[in-house]
Each structure stands twice: as C-alpha cells, then as structure tokens.
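The sequence lines fix the lettering, A, B, ..., with proteins before strands; numbering per chain opens at 1.
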There are 2 protein chains.
Amino acid sequence: MEHVYSPKENFKEISRKTGKACVCFNLRKTARLLSQIYDQALKPAELKGTQFSLLMAVAGQDNTSIGKLAQPLGMDRSTLSRNAKILEKKGLLTIEEGEDRRRQSIKLTEKGTSVLRRALPLWEGVQESLAREMGEERLKTLLKDLQSLSQWLKSDF
Amino acid sequence: MEHVYSPKENFKEISRKTGKACVCFNLRKTARLLSQIYDQALKPAELKGTQFSLLMAVAGQDNTSIGKLAQPLGMDRSTLSRNAKILEKKGLLTIEEGEDRRRQSIKLTEKGTSVLRRALPLWEGVQESLAREMGEERLKTLLKDLQSLSQWLKSDF
DNA sequence: AGCTAAAATGTGTATATACTTATATTAGAG
DNA sequence: CTCTAATATAAGTATATACACATTTTAGCT
C-alpha cells in the first residue's frame, strides 16, 4: 500500500474510496439513521432507543453497579452514569448507595417496568420490519459480525 | 409472536434476548467501541474519526453547501453545521456565504488538506488491522450490509 | 491502628447528534 | 413589482458520548 497522496485533485477520488471503505464511518452513519427509526417507533412509550437498551440492561441485571452495567454495554462509566441519571429523573429507575458506599445500586422502578412492558411490542415491530427487509439470514450475519467485532475491540486492541 | 410479558422475573430472560437481537443497540455499541480505535489512531493528526470523515467528505465535494453535504452523510443539517464549525475554528475549512446568500459555501483550507494528508496513512493502518482481524470477506460483507441497510433507511422507512 | 494503594463514582469539558423553532433570502404567482 | 411560499441555515434545547481529573471509600500492608 504505497500511495502518494499529494495533489489536491486526487482527494476527490480518495474521498470516494474512504467513504465506501471506512468501517467507522459506515457504522456510525447506519447507527445514526437506524437510531432515528427506533426512536420514532418507541415514541408512544416516551423512550429513545438508547434508553430502552439501558432500561433493559438494568432489568436484566437488577441491582448492580454502574461499572458492572457499563462493561457489557461497552460504554464509559461516566456516560452510563449520566444516561442513568436522566432515567432516574423520569422515575424509571433508582440510584442509591449500596453496602459498599463507593458503589451505586441501580434498580428498576415499578414505573420503569411498566414502561418497558409498553415499549417491548414497539421494539419488536421495528425488529420485524428489519427482518422482513434484510431477510433473516443477512440480519443474523450482521448481528454476528457486529458482536464478534465488538468482542474483539474490547479484548485485543 | 404472541408473547405475554408480565412478571418482572421474565425480564431477565427478555433482557438477554433483546440485548442479543437488537440491531440498534449492537450497531451503536460497536460504533462506540470502534470510534475509540479510530480516534486513538488519528490522534497524531489531531483529528477524531468523525472529523476525518467530515473533512474527507468536504474534500470530495469541494465548495458545496451544508445541505448537499448532509445528504450523503445521513446526517441532520444542524449536526453537520455544528461539526463543521469546530473544524472551521481549527482552521481546517472555511464556511462562507455563497452567491445565493442563504447557502453556505464550504471549502477545505491548505491546512485542512495537509492534515488530511497526514491522517490518511493512519486511517489506512486501522483499516488494515480490521481487515486482518475479520478477514477481507467478512469485512466486505459487513460494509455491504451496512450500506444497503442505510440506503433502505434513507428511502423507504 | 494508620497509612497508602486500589476501586467506584462523579465532575469538568468537549464533541456528536437530532428535533423544533426562528431567521434570512430567494423564487414565483399575480 | 409585491406578497407569499419555498429554501437554506442557525439557534435553542436535550441527549449521548468519552477522557482526564477529582473525590470518596475500602482494603491491605506494616
């Protein structure tokens, strides 16, 4: 790969190439677009896609700490902390000091549970649309590739 | 798909399932992680991955407007406007009024060009690592699926 | 017990992102 | 030519995100 990138004119071509090939760009772009679809679909439950995911994660790990949650979400602790605070303000979860007073204990509230229950069928609706559009097979491949990629990113890099 | 989601206990199982299956969550998660890799790699050029992409887009479409740029990037105009302003402040591009004084004309500066030139081999380095790790084939499939998905999201939904 | 290192989180700051609303400018109907 | 509708963008607001640094609390060594 011994290119020489000099004259400004060449950038037109290079730009096209990087746009097509850049995994980061294409991943972010698709995530941007898809997030809007999920947000739209979840509107009746007054949740955004990201908030749905966070609530679900809390539901699955009831009563854990910020750090324990952040790990599998591949998210910085500070990010998680702030996102959680928004849901706390909405009354969907509680954040309290645990035994170890460094650790915060996060729990779903009743309201949080019922919001999740309302959101679930909405989420399934989008998922099914996607499956219909892409086909089960490709969807499965996509998910698998995303998961193995993020697995690798967390461990090796 | 006629589930009954009621008792709180079931949410543990549902949480696991949604976490595995949610395209939006997995896309965002991978994008988060991968963005950090690109940001890290581009540090010597003092660029973040997103800024690299934006600069490249400008290089490919020199002298267009915000709106024209936003379209293929799948990005809201207001987002693009703000992201561009940061690069303008760094002296990497200029934003000026065009003929039509509603339209802003965006151009790469000399400095912007030279920063891109410095960044390009860094970008290639990450790309090659990814290709080595995932294998050319899977990488190609991933890119193709992302692109057709975002294509669909922009048109149909 | 007392001090130091490790652990968990929060805060400050900066960027990325979209939606809604406001503003300015042009184009088009009459 | 004038008023109105369409176009392009900016600004206000809220969320999502990470990194560096500060704070608090626990654990472990001596």
Under a 4.0 Å heavy-atom criterion, DNA chain C is touched by chain B from dT15(C) to dT26(C)
Base, sugar-phosphate alone, or nothing: which one does S78(B) contact when heavy atoms must sit under 4.0 Å apart?
base
Those residues at least two apart in sequence (or on a different chain) that pass salt bridge (Lys or Arg N to Asp or Glu O under 4.0 Å) with R101(B) are E97(B)
Here the side-chain hydrogen bond (donor to acceptor under 3.5 Å, both in side chains) pairs for residues 70-79 of chain B, sequence neighbours left out, are D76(B)-S78(B)
- Query: Mind checking whether L146(A) and L27(A) have side chains closer than 4.5 Å, heavy atoms only?
  - Reply: yes
The correct set of residues in residues 65-76 of chain A placing a heavy atom under 4.0 Å from DNA chain C is S65(A), I66(A), G67(A)
In numerical order, the residues of residues 96-103 of chain A whose heavy atoms come under 4.0 Å of DNA chain C are R102(A), R103(A)
To the nearest angstrom, the CG-C1' distance between L54(A) and dT17(D) comes to 13 Å
Whole-Å distance, R77(A) CZ to dT23(D) C1', equals 14 Å
*Any side-chain N or O of Q40(B) under 4.0 Å from OP1/OP2 of dC19(D)?*
no
Heavy atoms of Y38(A) and C22(B) approach each other most closely as CE2-SG, 3.8 Å
Residues passing the side-chain hydrogen bond (donor to acceptor under 3.5 Å, both in side chains) test with T64(B), sequence neighbours excluded, are none
For R102(B), the side-chain hydrogen bond (donor to acceptor under 3.5 Å, both in side chains) test, sequence neighbours excluded, returns D100(B)
Check your understanding: Should K29(B) and S150(A) count as side-chain neighbours, where that means a heavy-atom distance under 4.5 Å?
Key -> yes
S105(A) meets the side-chain hydrogen bond (donor to acceptor under 3.5 Å, both in side chains) criterion, sequence neighbours left out, with N63(A)
Contacts of S15(B) meeting side-chain hydrogen bond (donor to acceptor under 3.5 Å, both in side chains) (sequence neighbours excluded), chain-then-number -> none
Practice item. Any chance you could lay out the side-chain contact (heavy atoms from CB on, under 4.5 Å) test for R103(B) and E99(B), step after step, and finish with the verdict? Key: CA-CA 8 Å; R103(B) 194 173 265 122; E99(B) 292 280 300; over 6 Å; no
Within residues 79-88 of chain A, the residues having a heavy atom closer than 4.0 Å to DNA chain D are T79(A), R82(A), N83(A), I86(A)
**Prompt:** Is the distance from OP1 or OP2 of dC19(D) to the nearest side-chain N or O of Q36(B) less than 4.0 Å?
**Reply:** yes
Residues pairing under salt bridge (charged side-chain N to carboxylate O under 4.0 Å, His left out) where one sits in residues 85-96 of chain B, two or more places apart or in two chains, turn out to be none
Distance col, row L73(B):CG vs S53(B):OG, nearest 0.5 angstrom, shows 8.0 Å
Across all chains, not counting sequence neighbours, the salt bridge (Lys or Arg N to Asp or Glu O under 4.0 Å) partners of R138(A) are D145(B)
